[in-house]
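Down below is the structure, laid out as structure tokens.
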Amino acid sequence: MYDYVIVGSGIGGSLSYAILKKIGRKVALLEKENYLGGCSGTFKRKDFFYNVGATTLVGLDDSMPLGKIIKFLGVEKPPVKKLELPIVVYLDGKVIKRYSDKQKSLEEIAKNFPYKNIESVWKNIYHIAENNWKNVYKLLPINFKNPSLMLKKIATNRRYLLYNLPYQFKSTYKYFKEQIPSIDKTFKDFIDHQILITSQGYSQDVPISVGSMGLTYNNLDNYYVYGGMGKIFDSLIKEKNDVFLRHKVLYVKKMNGYFEIKTNKNVFYAKKVILNKTIWDYAELLEPEYKQKMHRYRKKYPKRWYALTIYFSIEDKNNLIQEHHYQIIHEKTNPYTGSNSFFISLSDYELGEKKSVTISTHCKNEFWENLGKNEYYEQKEKVQEFMFDIMKQYIPAFKECKIENVMVGTPITFERYTQRYSGTVGGIPLIKDYIPFRYPSNFTEIEGLYLVGDSVFPGQGWPGVSLGVLNLLLQLENILEILD
Ligand SMILES: Cc1cc2nc3c(=O)[nH]c(=O)nc-3n(C[C@H](O)[C@H](O)[C@H](O)COP(=O)(O)OP(=O)(O)OC[C@H]3O[C@@H](n4cnc5c(N)ncnc54)[C@H](O)[C@@H]3O)c2cc1C
């Protein structure tokens with residue numbers, strides 16, 4: 001009998017496994033694919049390595065959640081290169097370099113958006129974000145279902161909470177508009193699409209408290225991972241005896257004081273189970289009487305984005321495209337996704353002078369639902385053509401590169417590979433409707449059954465999901481020293 005069985009090896013499942021192993025728990029990790037990582041994994045096709053979804057890595061620094069976990073585990077950091085220029089943004093004839101260095105980054109903002117007080121307004125953005133990062137660990141663990149815990153947290157963190165309160169209830173757009181009444185559409189597009197990739201919402205909906213963290217994402221420690229994002233999981237999980245790949249979990253059954261977990265290959269027994277599933281689909285694995293709450297969640301959190309990706313390789317003989325990450329914000333709305341921006345990430349040279357590329361964009365599901373087979377394949381070609389045209393228009397160097405091995409990943413593809421509800425991307429949007437009080441929690445209606453992943457703790461990707469894992473495990477185990 002295991003102490004814990006973890007279903008799914010995304011960031012949430014893999015970090016939970018590594019921490020629980022480290023403190024001596026008997027734990028198994030079950031993953032349906034043949035690689036770890038889910039949306040942050042890396043898959044291989046025709047000798048190229050492609051990142052499934054996540055391409056940017058922040059937070060190996062000891063002050064960040066992932067850095068703290070790596071320090072606690074005592075494992076070596078993954079093979080990475082620090083990026084001085086994490087993202088280059090193309091927008092309305094501008095090329096905005098989002099440097100890691102705060103002063104350089106500020107100068108770039110001021111150069112591209114020369115409003116009179118932009119520097120002081122942006123400096124305050126730094127301040128709000130830094131304060132959040134500094135205080136977040138003191139707030140952990142958060143559990144709105146535990147009033148006495150929450151009252152204690154409010155009492156011990158009241159200074160920070162009072163400072164943060166106005167920023168929690170003011171939208172990012174309103175914050176800027178109040179201080180710079182003349183902000184124009186280009187600036188709004190810029191902030192909208194910067195925070196969309198971290199918060200899953202636009203500036204009028206995302207509170208400035210959260211928006212500030214998205215706007216300063218480039219100022220955190222950003223890395224390129226050699227060999228693809230999936231390499232991180234090799235660093236985190238050294239001991240693979242209890243990692244079971246190609247094990248698709250078919251059901252999780254609550255028995256008398258323990259759980260039975262059946263996969264396509266075996267049956268496991270555990271005292272506790274952690275599901276690395278979304279709030280919209282976790283109960284698909286449970287018995288019918290538990291599905292009601294999940295259906296309620298689907299109605300309660302209807303605002304969600306879906307993923308559309310394009311994977312391909314390029315031959316870039318003269319290294320014309322040198323940075324790893326670009327964001328294009330375009331005027332014409334993508335007729336196959338409903339989005340106005342996409343993100344392009346390139347690897348270093350692989351296989352001689354070739355690079356692997358992952359493009360990703362937010363997508364509305366309705367564009368891909370209910371299509372006939374032929375229509376679906378035709379639409380894949382159309383979306384590729386639309387996005388490649390824009391890519392070549394904004395970054396003409398792509399015209400000089402031979403493009404090969406193109407694969408389009410739709411929300412349907414995402415659902416098939418990651419099992420995420422309808423191919424959802426990045427969890428529940430960090431918008432005023434949901435945070436801070438209406439966000440779901442790591443705890444389910446079944447005692448001993450918990451959730452980790454990007455829909456059960458505010459924040460997605462490496463920083464957000466790592467925090468969510470800490471939030472859960474701090475309540476289940478004595479691991480306070482991890483926060484040191
Ligand atoms: C296109 C895209 C781009 C992104 N870009 C970035 C980025 O640049 N930087 C960043 O930090 N974040 C990024 N994100 C967000 C980030 O990838 C996610 O927030 C994060 O990876 C989610 O982790 P998770 O723990 O929720 O697990 P998931 O990624 O959802 O993984 C769940 C895992 O569980 C497995 N699983 C599910 N059901 C079963 C079952 N029944 N049996 C066995 N296994 C099962 C799946 O196969 C999967 O491996 C991006 C996401 C997407 C989709």
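One-based numbering, in listed order, for ligands and for the atoms of each. Computed from a prediction, not measured in an experiment: that's the story for all the values here. Note that the numbering runs from 1 along the sequence shown for the chain.
Side chain of Ser347 to backbone of Ser356: a donor-acceptor contact under 3.5 angstrom is found. In this structure, the side chain of Asp3 does not engage the main chain of Arg25 through any donor-acceptor pair within 3.5 Å. When atom types are taken as modelled, the side chain of Tyr4 and the backbone of Ile274 share no donor-acceptor pair closer than 3.5 angstrom. A distance-only check finds no donor-acceptor pair linking the side chain of Asp192 to the backbone of Tyr202 [under 3.5 Å]. Side-chain N or O atoms of Tyr137 include one that pairs as donor or acceptor with a backbone N or O of Ser63 at under 3.5 Å. Side-chain atoms of Gln460 come within 3.5 Å of backbone N or O of Ile197 as a donor-acceptor pair. In terms of modelled atom types and a separation under 3.5 Å, the side chain of Thr358 and the main chain of Asn51 share a donor-acceptor contact. Put simply, the side chain of Asp316 gets close to the backbone of Ile321: a donor and an acceptor are under 3.5 Å apart. Within the 3.5 Å criterion, the main-chain N or O of Tyr336 finds a donor-acceptor partner in the side chain of Trp368.
Ring orientation note: the planes of His330 and Phe342 are tilted relative to one another, at an angle of 30° to 60°. Taking the six-membered ring for Trp and thresholds of 30 and 60 degrees, Tyr226 and Tyr224 have ring planes more than 60 degrees apart, a perpendicular arrangement.
Among all non-hydrogen protein atoms, the one lying nearest atom 31 (O) of ligand 1 is Gly10 CA, 3.4 Å. At the shortest separation from atom 45 (C) of ligand 1 among protein heavy atoms lies Gly8 CA, 4.1 Å. Ranking the protein heavy atoms by distance from atom 2 (C) of ligand 1 puts Gly53 CA, 3.5 Å first. Ranking protein heavy atoms by distance to atom 13 (C) of ligand 1, first place goes to Ala54 CB, 3.4 Å. Ranking protein heavy atoms by distance to atom 53 (C) of ligand 1, first place goes to Val425 CG2, 3.3 Å. Ranking the protein heavy atoms by distance from atom 46 (C) of ligand 1 puts Thr418 O, 3.3 Å first. Annotation: atom 32 (C) of ligand 1 to nearest protein heavy atom, Asn276 O, 3.6 Å. Looking at atom 7 (C) of ligand 1, its nearest protein heavy atom turns out to be Thr56 OG1, 3.3 Å.
The contact set between ligand 1 and Ser40, taken as ligand atoms under 4.0 Å from a residue heavy atom, comprises 16 (C), 17 (O), 20 (C), 21 (O). Here is the list of ligand 1 atoms found below 4.0 Å of a heavy atom in Gly12: 25 (O). Atoms of ligand 1 found under 4.0 Å from any heavy atom of Trp462, numbered from 1 in the order shown, are 11 (O). Set against the non-hydrogen atoms of Tyr417, the atoms of ligand 1 under 4.0 Å away are 47 (O). Residue-ligand proximity, Gly38 to ligand 1, at heavy-atom distances under 4.0 Å covers atoms 29 (O), 31 (O), 48 (C), 49 (O). The distance from ligand 1 to the heavy atoms of Ser9 drops below 4.0 Å at these ligand atoms: 33 (C), 34 (O).
Contact annotation: for Phe343 versus ligand 1, there are no heavy atoms closer than 4.0 Å. Under 4.0 Å from ligand 1, the heavy atoms of His247 that appear belong solely to its backbone. Contact annotation for Ser360 and ligand 1: only side-chain heavy atoms (C-beta onward) come within less than 4.0 Å of the ligand. The side chain of Val465, and not its backbone, has at least one atom closer than 4.0 Å to an atom of ligand 1 (non-hydrogen atoms only; side chain from C-beta on).
Partner of Arg98 under the side-chain hydrogen bond (donor to acceptor under 3.5 Å, both in side chains) criterion, chosen from Asn218, Asn222, Thr216: Asn218.
On a distance-only criterion, Gln419 and ligand 1 share no N/O pair closer than 3.5 Å. Backbone and side-chain nitrogen or oxygen atoms of Gly453 are examined, and none is located within less than 3.5 angstrom of a nitrogen or oxygen of ligand 1. Between Thr309 and ligand 1, no pair of N/O atoms sits closer than 3.5 Å. Between Cys39 and ligand 1, at least one pair of N/O atoms sits closer than 3.5 Å.
Classification of Lys354 and Glu404 as a salt-bridged pair holds, one side-chain N sitting under 4.0 Å from a carboxylate O.
Ring centroids of Phe398 and Phe388 are separated by 6.0 Å or more, keeping the two rings apart. The ring of Tyr311 has its center closer than 6.0 angstrom to the ring center of Phe43.
The closest heavy-atom contact to atom 41 (N) of ligand 1, among the options Ile359, Val249, Val452, comes from Val249. Comparing Gly59, Gly461, Ser455, Ser14 against atom 12 (N) of ligand 1, the shortest heavy-atom distance belongs to Gly461. Comparing heavy-atom distances from atom 39 (C) of ligand 1 across Lys248, Lys277, Arg246, Glu33 singles out Lys277 as nearest.
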